Structure formats: C-alpha cells, structure tokens
Amino acid sequence: MMSAAADFDVLIVGAGISGIGMAAHMEMHCPDHRYGILEMRANLGGTWDLFRYPGIRSDSDMHTLGFSFEPWTHEKSIADAPSIMEYLNRIVDERDIRRHIRYGHRVISTDFSEADARWTVVVETTDGERKRLTANFLYLGSGYYDYDEPYDAGFELGEFKGQVLHPQFWPDDLDYTGKKVVVIGSGATAVTIVPSMAGEAGHVTMLQRTPTWMFARPAKDRFANTLRKILPEKLAYRITRFKNIRMQDFTFKLARNKPEKVKNSLTKAAKEKLGINYDETSFTPPYDPWDQRLCLIPDADLFEAMNSGKASVKTGRIARFVENGIELESGELLEADIIITATGLKMAVCGKIDVSVEGQPVDFSQVYYYKGCMFSNVPNLAVVFGYLNASWTLRADINSEYVCRVLNHMNATGHEIAVARLTPDDEAKLEEDDIFDFSSGYIQRSKHIMPKNAIAYPWRLNQEYVVDRKRMTSDPVDDGLLVFAKAGTGTAVPSEQLEAAE
C-alpha cells in the first residue's frame, strides 16, 4: 500500500471504544495492513477509564453501545464502567490488539505530504520526549470532548468553605459519608451521581437551572436475557441489537413528530414513580423531548433515592456561594459540605490535534463532513463522531467497516491516496444544515468549531443509523466524489484549497 519507510499503513489515535473498534475491524477485514494505536493515557478505555465518579455507567443499552461483532453477555444492559472495561479488555486480548497499543503517546500535530502519500505525526510521550511517526492513513478515535479541561461554568465560589470538584477529575480518596452534597447540573452525569452518593451521604441535592426529560427503565433487559437462554449467544445478541436499534429510531422520530404525546408519557411515568414527591417545576423542561438527549434512570434509582428522603431536586438560579452552601435567587439556602459541578463537557474537534495538509493548517469549521466519516479535501483521514440520538458505537462500527472498504479498494487499485473532493463551485451549490440543533449547552457552546453539514447526503454527519448503515455498506466506494490518486501525481490535494489557506 505504501513505501516500506513508513511506520504504519494506518495509525489509530485513541484506545477507547472508537479506536478499539477500528483495530478489531482491521484484524477482521484488513489483516495485511500494518496498524498502530496511540493512546495518550496509561490505560485503554477512553471515557470509561477517565471518569471515576460514583456509579458511572452507560446511558445507552449495551446491545447498541456494544460492538456489532462482539456480543454483550452481562445480565445488565445498562452497565457500569468496570463491566464496560472488562468487555473492552476481553476484545483487545482475544483479538491480539493489545500489542499494537502505545500508551503515554499524545499526538500534538500531523501534516500530510502528497508527494509521499503519508502523514508525519508529532507525538509527545509522558516523559516529555517528542518523536515523529509516519502513516499513510489516520483514523481519529479521540472522542468529542477535551480530556484535559472540563467546561468551566465560571462560578465565583466566594465564601464557600467546603470542597468543590468536577466529575471529570474525581479524587480517589473523597469521603462523603454523612455529608451534605449539592450536585450542580441536570444531565446524565448528575442523575448518575445523585442516587449513587445518596446511600452514604447525609443528603444529596441536585440543583438544576433547567429540568431535563427523564425516563426510567430496568437495568436488566429481560428480553435479551431470555433470548440468551434459548438461542446461540451471537444470534440472541443480533436480535436484541436489531430490536433496540429500531426502538431507538422509533422513539426519536415519535418525539420529533408527536412531542406532546411523548411529554405526556414521560410526565405520567415520573408521577407514578415519585408520587407525592413529584414536583412539576423540577420535571417539566421548557423544551421538547429529544431537543436534548433524554436522561436514562436505570431501575428508577434517582426516583427511589428521592422517595427515601436521601436525595432531592431543586430548580433555581444561583445567587451566590456562601460559607456553608449555595444561596438561590429565591433566597433559599442549600447547605453543602461538598459541591460537585456537573455542568458539562468542553467539546474538542479531532482530539485538539493540529492537522495540516502540505504545511497548511486545516480549519475543520470550514470543511464539510463526507458520509459522517471523512472531510472534504482532507486526504487519508477519517474520524468518529457518534450519533446524538443513538449509541456512539453504532457510528464507530459503520465508520470502521467503511474505512476498511476504502483501504482495500486502494490496495486493489494501487492507489495511496483517497480524498473526498469538493470543488469551490460544487461547495457553492450546497445548502448548509444545522444538524447540531440540540439545545444542550455543550452542543450550543461548540457549534462554531464543528465541521459543516449540507442538507444532502453525503456531505453531512447524518443522524439516521439505519439509513447510514445501508449506504456505508452497499454504496460503491468509488462514487465519483471520493477521488483516488497515486503519490506524487499532484492530484490529491486541490490547488484551490492551498491557495485559500495562504
């Protein structure tokens, strides 16, 4: 595929779900390609190794957050982080992937040379050493948020004398036994932390400025567990996965088309679970379901914690932080020994890596997605940005499989370069679409750095997995838009792109 002087045919950045998934697909579909995985942390797992707060778990079922090729065999389909880490480690060991991982390697920058048909990657190791690696193709499985820095809500902590922490950097030795805890936020992290801490803490209060739509479901999937008893494991997994994918799609479209019906259903369920503890103000968001991602409550644990008196939800705005807690604009005082700022993540594009082509920086806010996998006029680079309305791994799976198809096509035709070509004239004809129309804070704060999306496929990050899977697996790789070239021919990088960059 490329000259022997390069270090890798494919270099995967990140050893989380996306990176491990790509490596597994390489083992299955591109066994003759040399690949490596660069992981900046000391362990694999990505999100599931980084976050250590109490109760950390999936907010999607593991029959869709799990890979298409590896059955999820645990009894619980809403899984905790240790179970997910066990799943990932089993895949890495059984498929001989671990030896390809280089830990403590942070990618700083990368530049593509058309003459050599390769990326030169600058890496910094944990001891501060910088070195260069080369690869023909880059696959960025580095996630969608900043691992180094969470979102700073800008709180002025004033006179508060207690401890303040963010869930992204949870201390190993935090003792909250019998203490009063206030968790600021109402997203997936907050609704996980509150019931998990409630058992040992004196009391846990979830303070939210705006309510979130929540739905409760059993952590164990009775349908899946029954099938596993009567059918072969892989078949049972495929059936359950198919059912859950369809249910996700149906629920999302129902929320979009009949929001009042879904609102009424979610409200009725919350009232039934909370009884006299139901507060309309705290459980009626000012937006429609799926304008933000729904918050999953496994086994109704948050509602149970509230009913026990160990947890509560308050809706209001912070006036100021005082010595013993938080004073709201209403005048109410929330006493606290510990304050947890579960106020969201800070998004990052392509792992904050400085990407350039022929020495010219790539501004990802000015390029278009191609099939939700590659970018316009950026050669030999693919990325994973999961679905907003479904499980992350669904996109990771189809992108990995698609990239393997591209790599095999390049091998078969003797080409070293693949680029989604978009000329200025063709770009002028595209109508932009705001697919990031979710009202979630982390989405809205980061729209200015996100790549562009067109109304029409393939120049978009589509949000329909069932449709995407069909297209990514059956549409021809050589579609007239993805251009293939040989190294040094001068046809891989459009000259107008370099002129614009200058």
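Everything numeric here is computed off the predicted structure, so don't read it as measured data.
- Between Arg95 and Glu27 there is no salt bridge, since none of the side-chain N atoms of the basic residue sits less than 4.0 Å from a carboxylate O of the acidic one.
- Without hydrogens or angle criteria, Ser58 side chain to Ala79 main chain gives a donor-acceptor distance under 3.5 Å.
- Taking every heavy atom of both residues into account, Asn399 and Val383 meet most closely at ND2-O, 3.0 Å.
- Asp479 and Arg471 are not joined by a salt bridge, as no carboxylate oxygen comes within less than 4.0 angstrom of a charged side-chain nitrogen.
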- request: Evaluate the ring pair (Phe, Tyr, Trp, His ring centres under 6.0 Å) criterion for residues Phe137 and Tyr139: first the C-alpha distance (whole Å), next the side-chain angles of each, then the deciding distance (0.1 Å), finally the verdict.
  value: CA-CA 7 Å; Phe137 203 101; Tyr139 188 87; 7.8 Å; no

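- Tyr87 contributes a side-chain N or O that, together with a main-chain N or O of Glu70, makes up a donor-acceptor pair within less than 3.5 Å.
- A salt bridge does not link Asp425 with Lys429: none of the charged nitrogens is closer than 4.0 Å to a carboxylate oxygen.
- Put simply, the side chain of Arg405 gets close to the backbone of Met472: a donor and an acceptor are under 3.5 Å apart.
- Side-chain contact between Val419 and Tyr370 is absent, with no heavy-atom pair separated by less than 4.5 Å.
- Ring orientation note: the planes of Tyr53 and Phe51 are nearly perpendicular, at an angle over 60° on the 30°/60° scale.
- A salt bridge does not link Arg118 to Glu416: none of the charged nitrogens lies less than 4.0 Å from a carboxylate oxygen.
- Looking only at distances, a side-chain donor or acceptor of Thr393 sits under 3.5 Å from a matching main-chain atom of Leu65.
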field: Working for side-chain hydrogen bond (donor to acceptor under 3.5 Å, both in side chains), residues Thr47 and Trp392
entry: CA-CA 12 Å; Thr47 293; Trp392 180 275; over 6 Å; no

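- Here the side chain of Asp397 pairs no donor or acceptor atom with the backbone of Ser400 at under 3.5 angstrom.
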- request: Show your working on side chain to side chain contact (heavy atoms under 4.5 Å, CB included) between Arg293 and Asn389 and close with a plain yes or no.
  value: CA-CA 7 Å; Arg293 194 176 177 95; Asn389 57 9; 6.0 Å; no

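- In this structure, Arg395 is positioned above the aromatic face of Tyr387, its NZ or CZ under 6.0 Å from the six-membered ring centre and within 45° of the axis.
- Heavy atoms from other residues, nucleotides or ligands lying under 6.0 Å from NZ of Lys263 number more than 12.
- Among all heavy-atom pairs drawn from Thr192 and Gly55, the shortest one is CG2-O, 3.1 Å.
- More than 12 heavy atoms of other residues, nucleotides or ligands sit less than 6.0 Å from atom CZ of Phe169.
- The shortest distance between side-chain heavy atoms of Tyr144 and Val384 does not fall below 4.5 Å.
- Taking a cutoff of 4.0 Å between a charged side-chain nitrogen and a carboxylate oxygen, Arg34 and Asp9 qualify as a salt bridge.
- Side chain of His415 to backbone of Asn411: no donor-acceptor contact under 3.5 angstrom is found.
- For the pair Phe223/Thr240, a side-chain contact is recorded, criterion being any heavy-atom separation below 4.5 Å from C-beta on.
- Annotation for Arg106: atom CZ does not count as buried by contact number, only 12 or fewer foreign heavy atoms lying within 6.0 Å.
- Counting heavy atoms from C-beta outward, His63 and Ser77 have side chains that approach closer than 4.5 Å.
- Here the closest non-hydrogen pair linking Leu302 and Ile297 is N-CG2, 3.6 Å.
- For the pair Arg41 and Tyr147, the cation-pi test (distance below 6.0 Å, angle within 45°) is failed.
- Remark: Arg132 does not engage Asp111 in a salt bridge, criterion side-chain N to carboxylate O under 4.0 Å.
- Shown here for Pro211 and Pro286, the closest heavy-atom pair between the two residues is CD-CD, 4.3 Å.
- Side-chain atoms of Asn136 and Phe8, non-hydrogen and from C-beta on, never get closer than 4.5 Å to each other.
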task: Using the side chain to side chain contact (heavy atoms under 4.5 Å, CB included) rule, take Met247 and Asp249 through it: C-alpha gap first, then chi angles, then the decisive distance, then the call.
output: CA-CA 5 Å; Met247 284 300 299; Asp249 186 58; over 6 Å; no

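- The environment of CE in Met28 is crowded: more than 12 heavy-atom neighbours from other residues, nucleotides or ligands sit within 6.0 Å.
- Taking every heavy atom of both residues into account, Val357 and Trp119 meet most closely at CG2-CH2, 4.3 Å.
- By the 4.5 Å heavy-atom criterion applied to side chains, Leu296 and Ile78 are counted as neighbours.
- Between Lys371 and Asp475, the closest heavy-atom pair is NZ-CB, 4.4 Å.
- With a 4.5 Å cut-off on side-chain heavy atoms, Met22 and Ile37 do not count as touching.
- Under the 3.5 Å distance criterion, the side-chain polar atoms of Glu432 are left unmatched by any main-chain donor or acceptor of Ala454.
- At least one side-chain heavy atom of Met410 sits less than 4.5 Å from a side-chain heavy atom of Val406.
- Of the listed residues (Phe385, Tyr368, Tyr369), just one forms a ring-ring contact (aromatic ring centres under 6.0 Å, His included) with Phe375, and that residue is Tyr369.
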